[in-house]
Amino acid sequence: AASPRSRLTVDPESEPQYATTPLRWLVLAAAATLNFSSAMNWVTFVAIADHTEVYFQQTSFNVNMLSLVFMIASLVTGLFWAWLLDTLGLGLGLWLGVWLNFIGAVVRLLATIHPMVVPGGEDDEYYGHFWVLIIGQVLCALSNPISLYSPAKVADTWFPQNRRALANMIASMANPVGIAAGMIVPPAVVTGGTDMPKTFSKLLIFLSIISAISVLLTLPVCRNKPTIPPSPSGDDKKNTKLPFLKGLKQLLRNRPFLFMAAMWSIGIGTFNVFITLMEQMLCPYGYTDKFTGICGGAMSLTGLVGAMVASIYVDKTKNFVPTLKTFYALAMLTMLGYLMVSYHPHQNAAVLVLLCLFGFFGYGLLPLMIELAVETSYPVNTATAAGVLWMCGQLAGVILVLVSQQPIFERELSTVQKEVAQCNAQANPKDLTYAGLFIATLGSLMTSVFVSFFRTSYKRLHNERYATLKDQGGNVPPLQVHY
């Protein structure tokens, strides 16, 4: 049998002391599976918000909290998970992430079992179910930062520089694929009427199985790093990455990174509003839960294609900034088109096409933004940079989702809307048109600022070229600024 070293493949673009191993694909699959499962658990109740309100006897605000707890958990625990990944290693982080995600999924399932209910009458029964559900959702949410931060860490630790953007894309885009499944499956499984309790149980059993598969795939590959590094940035002997606290301080002084964090925050915040409130925004205009689920799923799947196209292109050209600006601008334009069309009843085809385009450009920029943040913030550790970026986005998401549900943005359904609405009547639906217009205005303003003024340097790539040329005795080129 061949030794592990003999199975290593030397990267043709690096020096002989850098090599790649097939195990990197198993580590990438483990991170991607966790991201997929975590995303499904996040959006489980988004496309069936009206049925969830009725079954658990809760307000729309409480049901939306099932999504918001994921954002809040990232804010509360994000720095801890970033520290753990950068200090204690990727393997431990993935192991803790998959188990928290699995335990939370099982607790959510218990919320549909009647013996778990606090006694005291029918109303207490529903409320008892809901708080068990919240506990399970919080446990799932605690694993979410690991699933979001680990792709950049996997790419930097296990892959050579000409495959990092692609590796980051694969692990990162498992998240929108999970969102797609989480938007399509629940409306197909959960039905109203007397079968609602059984269908909720079936849905949560299925999601528990997905979480269990994530555990099984992760356990065999819980390793912090490969035996031989794939590139200079993954070489502990040559990289100059900063300790966690020093890295945080440097991020706060890094103007391009702070600019990116602001743009990322508005982008992720806008996305979180549309995902969390999509069913509540569409149903007053005659769009069914199943159509909402199809839209969310199609948007995520086209986003996977967009991310793949952008990542392959950037891996070859390293044109991070021009590509990112193009995708950001086109994502905002298609979002505006979607809003204008969705406010007219029964425009199913146009709504679906525009959401697919929004997904292609909007999701496509996510792995690019994370990779560029790592380039811009080098020598800060990858999990620290990605973690701070995601925390800023989740903070904006919490604020914008809460603001969008304020009375100033809610209206009672008009007579025409009541005639065409596909909402569960017991859920007391509201017209959220003003909320959508507010988010669109904010997003348009920030997009204009980003496209016009953002510039940065690719510090990690420059450092790797410096390390190679220094060893070869060549001249080191100056650090360039990209617009």
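Throughout, residue positions are numbered sequentially from 1 according to the sequence presented.
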Do side-chain atoms of [X] reach the backbone of [Y] as a donor and acceptor pair under 3.5 angstrom?
| X | Y | value |
| --- | --- | --- |
| Thr334 | Ala331 | yes |
| Thr112 | Ser201 | no |
| Asn101 | Ser211 | no |
| Gln137 | Asn41 | yes |
| Ser265 | Ala396 | no |
| Lys290 | Ile184 | no |

Would you compute the distance between atom [atom1] of [X] and atom [atom2] of [Y] and round it to the nearest 0.5 angstrom?
| X | Y | atom1 | atom2 | result |
| --- | --- | --- | --- | --- |
| Leu96 | Leu84 | CG | CG | 6.0 Å |
| Thr376 | Phe320 | OG1 | CZ | 9.0 Å |
| Trp42 | Ser147 | CH2 | OG | 10.5 Å |
| Leu352 | Cys295 | CG | SG | 5.0 Å |

Heavy-atom side-chain proximity of [X] to [Y] below 4.5 angstrom:
| X | Y | result |
| --- | --- | --- |
| Pro151 | Ile370 | no |
| Thr59 | Glu53 | no |
| Phe70 | Cys140 | yes |
| Phe45 | Arg108 | yes |
| Gln58 | Thr52 | no |
| Val63 | Phe56 | no |

>> Between Met299 and Leu357, is the side-chain contact (heavy atoms from CB on, under 4.5 Å) condition met? List the steps.
In response: CA-CA 7 Å; Met299 180 176 69; Leu357 290 173; over 6 Å; no

> Would Val76 and Ile72 satisfy side-chain contact (heavy atoms from CB on, under 4.5 Å), going step by step from the backbone distance to the final call?
Replying inline: CA-CA 6 Å; Val76 175; Ile72 295 171; 4.2 Å; yes

>> Walk me through whether Leu339 and Ile439 qualify under side-chain contact (heavy atoms from CB on, under 4.5 Å).
In response: CA-CA 10 Å; Leu339 283 175; Ile439 296 300; over 6 Å; no

>> As a quick check of understanding, evaluate side-chain contact (heavy atoms from CB on, under 4.5 Å) for Met308 and Ile312, giving each step before the final call.
In response: CA-CA 6 Å; Met308 185 176 298; Ile312 293 174; 3.9 Å; yes

>> Is it true that, when you exclude Trp99 itself, more than 12 heavy atoms of the residues, nucleotides or ligands shown sit nearer than 6.0 Å to its CH2?
In response: no

>> Testing Phe358, Trp264, Phe361, Phe450 one by one against Tyr328 for a ring pair (Phe, Tyr, Trp, His ring centres under 6.0 Å), which residue passes?
In response: Phe450

>> Walk me through whether Ser37 and Ser214 qualify under side-chain hydrogen bond (donor to acceptor under 3.5 Å, both in side chains).
In response: CA-CA 7 Å; Ser37 176; Ser214 174; 5.3 Å; no

